[in-house]
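The next block holds one structure in the form of structure tokens; read it before the comments.
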Amino acid sequence: MHNWAGNVEYRAGELRRPASVDEVREIVASSRRVKALGSRHSFSLVADTDGVLVSTEALDVPTELDEATGTVRVGAGSTHAALAVELQRRGRALSNLASLPHISVAGAVQTGTHGSGAGNPALSAAVSAVEIVRADGALELVRRGDEAFAASVVSVGALGVVTALELDTVPTFDVVQTVHQGLPWTAALEHFDALMGRAYSVSLFTRYVGDDVDQVWTKARVDDGGPTLDVEALGARPAEAALHMLPDTAADAVTPQLGVPGPWLERLPHFRAEFTPSAGEEIQSEYLVAAEHAPAAIEALRAIGPTLDHVLYVSEIRAVAADDAWLSPSGGRQSIAFHFTWRRETEAVLAVLPSIEAALAPFDARPHWGKVSTLVRDELRGRYPRLDDFAAHARAVDPEGRFRNAWLDEHVLGA
Ligand SMILES: Cc1cc2nc3c(=O)[nH]c(=O)nc-3n(C[C@H](O)[C@H](O)[C@H](O)COP(=O)(O)OP(=O)(O)OC[C@H]3O[C@@H](n4cnc5c(N)ncnc54)[C@H](O)[C@@H]3O)c2cc1C
């Protein structure tokens, strides 16, 4: 029992795959320790337990779209890929997606997973209601507007097992994806806000060495009238063939580029849904800072870039709009996210993380809950104004600590 990347071994004595909500309720009520498991795409020990792991993969919850409100009810274990196909068939869309569509909807929401776009908040911002099995086995519905909602959406599995979510949808839309290479850092930093806001979704790929941003990926809505900032005038050149974000890697797995229009679900993720990622030979980390600090944060990372080179595949810089979930890494502040894809060398990764965390400390960087960091609760309390309130709420809904694990104690809840 290990995660997708193979860097985390779950300690659970048992893995259950309930098919019904009643079965989830029975498992939770009869287990001393229990933890929900999504599609296992986290790199941290966030989903670990020494009790029973409850996979939501086989949960039989039909996807139901309310045509009048545009709200879709979806089972917790559904992947974004499966949900997106169904929504597209009905003329609807999610406003954003993560880079990989194979991730479970509830797992993504629980860790504050995001895509890119200065106007696009984390995926959890689309949630309008959460159906959750509590520690005593009771099924509760927490709706947007309820007092506990801001604590319940991004809650890293600490409040119960989510069985279904209600999500806002929007009318379907088409996107064109283009890639540019060699944008000089001087120009990127001078025009940073305009660069990240030049289209619906923008990602910068870099290794923090050299004078240029390696790749700029732009996903523009066809109905938006095209990107606003001309990156070619700033020195970037358009890619002549489809590119993978990793150097010297075939582009078969990435979504279509080269300005060919296509539906949102085939352009917003970086990776194709039909591409089955096998054992991921990688580890990921990510830190979010308030957008106004991004240029200074980039300079701090460029200063240590050469010391990361031996273990870093690539880093991705994305914009994330503010939301109001207590534990959202982009909660309460317009953010820029610094993502790192590392070689799967745990010791080497753990050795370089403190230098990144020190470089980003002046900007109160918040780590992605599903990725690897060495920051613990005492450091995070000052960066999450509602962390103590969340811990108190978790104790109130789970007094016996059924959903606790060592990772939660260390990072979120305290002893
Ligand atoms: C290749 C790759 C690309 C990625 N791209 C992005 C990206 O673009 N943006 C980004 O922000 N992140 C990204 N991630 C990280 C990923 O989105 C998160 O780690 C996410 O939480 C994984 O979801 P999961 O279903 O695999 O959850 P798991 O790893 O299985 O679990 C994560 C947490 O969610 C909880 N959880 C899961 N299901 C439930 C449930 N039903 N009820 C209650 N709690 C639950 C678990 O208990 C655990 O605490 C990527 C990861 C990979 C491997």
Side-chain angles (χ1 to χ4, degrees), residues 1-8 10 12 15 18 21 24 28 34-49 53-57 59 61 74-80 96-117 120-124 130-134 152-165 201 203 245 253 268-271 275-288 313 316 318 320 327-330 335 337-339 341 344 367-372 403-405 407-408 411-412:
M1 281 195 279
H2 57 79
N3 66 341
W4 169 84
N7 70 312
V8 163
Y10 303 118
L15 172 65
V21 173
V24 175
V28 170
V34 59
K35 199 87 190 132
L37 185 66
S39 52
R40 300 179 297 113
H41 284 101
S42 293
F43 297 84
S44 65
L45 283 161
V46 64
D48 197 22
T49 178
L53 268 178
V54 180
S55 166
T56 53
E57 222 169 38
L59 259 189
V61 178
V74 62
S78 170
T79 64
H80 280 121
N96 209 3
L97 288 169
S99 65
L100 189 77
H102 306 71
I103 292 167
S104 87
V105 175
V109 163
Q110 285 287 319
T111 59
T113 287
H114 58 89
S116 188
N120 290 322
L123 307 188
S124 52
V130 185
E131 283 178 32
I132 188 164
V133 174
R134 296 299 195 190
S152 306
V153 184
V154 179
S155 50
V156 281
L159 306 183
V161 177
V162 174
T163 48
L165 292 161
S201 162
S203 294
M245 64 286 283
L268 293 180
H270 296 332
F271 300 105
F275 159 77
T276 307
S278 52
E281 297 280 317
E282 65 185 65
I283 294 175
Q284 297 183 5
S285 304
E286 191 164 30
Y287 302 90
L288 285 81
Y313 278 131
E316 179 179 8
R318 290 179 278 189
V320 192
L327 282 198
S328 170
S330 44
S335 298
F338 295 92
H339 160 92
T341 303
R344 202 182 59 187
H368 189 304
W369 299 119
K371 303 186 183 183
V372 179
F403 302 115
R404 290 181 88 119
N405 63 17
W407 183 96
L408 274 170
H411 294 84
V412 180

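In listed order, ligands and their atoms are each counted from 1. FYI, side chains are in, hydrogens and waters are out, and symmetry mates aren't considered; it's all heavy atoms of this structure.
- Listed by number with element, the atoms of ligand 1 under 4.0 angstrom from any heavy atom of Val161 are 42 (N).
- Remark: Arg404 engages Asp409 in a salt bridge (charged side-chain N to carboxylate O under 4.0 Å, His left out) (not counting sequence neighbours).
- When the salt bridge (charged side-chain N to carboxylate O under 4.0 Å, His left out) test is applied to Glu282, no partner is found at least two apart in sequence or on another chain.
- Ranked by closest heavy atom to atom 47 (O) of ligand 1, the top entry among Gly157, Ala5, Ala47, Ala36 is Ala36.
- Summary of contacts: the protein heavy atom closest to atom 5 (N) of ligand 1 is Ser99 OG, 2.9 Å.
- Considering backbone and side-chain atoms together, Leu100 places no N or O closer than 3.5 Å to any N or O of ligand 1.
- Of all the heavy atoms of Trp369, none lies under 4.0 Å from any atom of ligand 1, so neither backbone nor side chain is involved.
- Side-chain contact between Val105 and His80: present, with at least one pair of heavy atoms (C-beta onward) separated by less than 4.5 Å.
- Not a single heavy atom of Phe403 sits closer than 4.0 Å to an atom of ligand 1.
- In this structure, the protein non-hydrogen atom closest to atom 26 (O) of ligand 1 is His41 N, 2.5 Å.
- Ligand-side atoms of ligand 1 in range of Thr56: 41 (N), range being under 4.0 angstrom from any heavy atom.
- The closest protein non-hydrogen atom to atom 25 (O) of ligand 1 is Ser104 OG, 2.6 Å.
- Contact check for Ser203 versus His270: side-chain heavy atoms found under the 4.5 Å cut-off.
- In this pair, Trp4 and Phe43 present their aromatic rings perpendicular. The plane angle is above 60°, beyond the 30 to 60° band.
- Counting heavy atoms under 4.0 Å from ligand 1, residue Phe271 does not touch it at all.
- Contact detail for Ala108 and Leu123: the closest heavy-atom pair is CB-CD1, 4.4 Å.
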Self-check item: Full working for side-chain hydrogen bond (donor to acceptor under 3.5 Å, both in side chains) between Thr111 and Thr113
Solution: CA-CA 6 Å; Thr111 59; Thr113 287; 3.0 Å; yes
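- Nearest to atom 43 (C) of ligand 1 by heavy atom, out of Pro269, Ala106, Gly160, is Gly160.
- Only side-chain heavy atoms of Arg318 come within less than 4.0 Å of ligand 1; its backbone N, CA, C and O stay farther off.
- In this structure, the protein non-hydrogen atom closest to atom 18 (C) of ligand 1 is Thr113 OG1, 3.5 Å.
- Atom 33 (C) of ligand 1 has its closest protein heavy atom at Thr111 CG2, 3.8 Å.
- Two residues are said to be in side-chain contact when any heavy atoms from C-beta on lie closer than 4.5 Å; Val109 and Val162 fail this criterion.
- Side-chain contact between His339 and His368 is absent, with no heavy atoms from C-beta onward closer than 4.5 Å.
- Ranking protein heavy atoms by distance to atom 15 (C) of ligand 1, first place goes to Lys371 CE, 3.7 Å.
- At a heavy-atom cutoff of 4.0 Å, ligand 1 is contacted by both the backbone and the side chain of Val162.
- Which parts of ligand 1 touch Ala76 is read off a 4.0 Å heavy-atom cut-off, strictly below it: atoms 41 (N).
- Across every non-hydrogen atom of Ala122 and His114, the tightest pair is CA-CB, 4.0 Å.
- An N or O contact shorter than 3.5 Å is missing between Leu37 and ligand 1 by distance.
- Between Ser44 and Trp369, every side-chain heavy-atom pair lies at or beyond the 4.5 Å cut-off.
- Under a 4.0 angstrom heavy-atom cut-off, Gly115 registers as lying outside contact with ligand 1.
- Contact annotation: for His368 versus ligand 1, heavy atoms closer than 4.0 Å belong to the side chain alone.
- Ligand 1 places these atoms under 4.0 Å from at least one heavy atom of Phe43: 51 (C), 52 (C), 53 (C).
- Nearest approach of Gly38 to Thr56, heavy atoms of both residues: CA-OG1, 4.1 Å.
- When only interatomic distances are considered, the shortest N/O to N/O separation between Arg40 and ligand 1 falls below 3.5 Å.
- Formation of a donor-acceptor pair under 3.5 Å by the Asn405 side chain with backbone atoms of Thr49 is not found in this model.
- Among His102, Gln110, Gln284, the residue whose heavy atom sits closest to atom 50 (C) of ligand 1 is Gln284.
- Here the heavy atom of the protein found nearest to atom 19 (O) of ligand 1 is Ser42 OG, 2.8 Å.
- The closest protein non-hydrogen atom to atom 30 (O) of ligand 1 is Gly38 N, 2.8 Å.
- Residue-ligand proximity, Val156 to ligand 1, at heavy-atom distances under 4.0 Å covers atoms 49 (O).
- When all heavy atoms of Leu15 and Ser55 are compared, the pair lying nearest together is CD1-CB, 4.1 Å.
- Proximity of Val161 to Lys35: side-chain heavy atoms (C-beta onward) are nowhere separated by under 4.5 Å.
- For ligand 1 and Ala108, the ligand atoms under 4.0 Å from any heavy atom of the residue are 23 (O).
- Closest heavy-atom contact between Ala337 and Glu286: CB-OE2, 3.4 Å.
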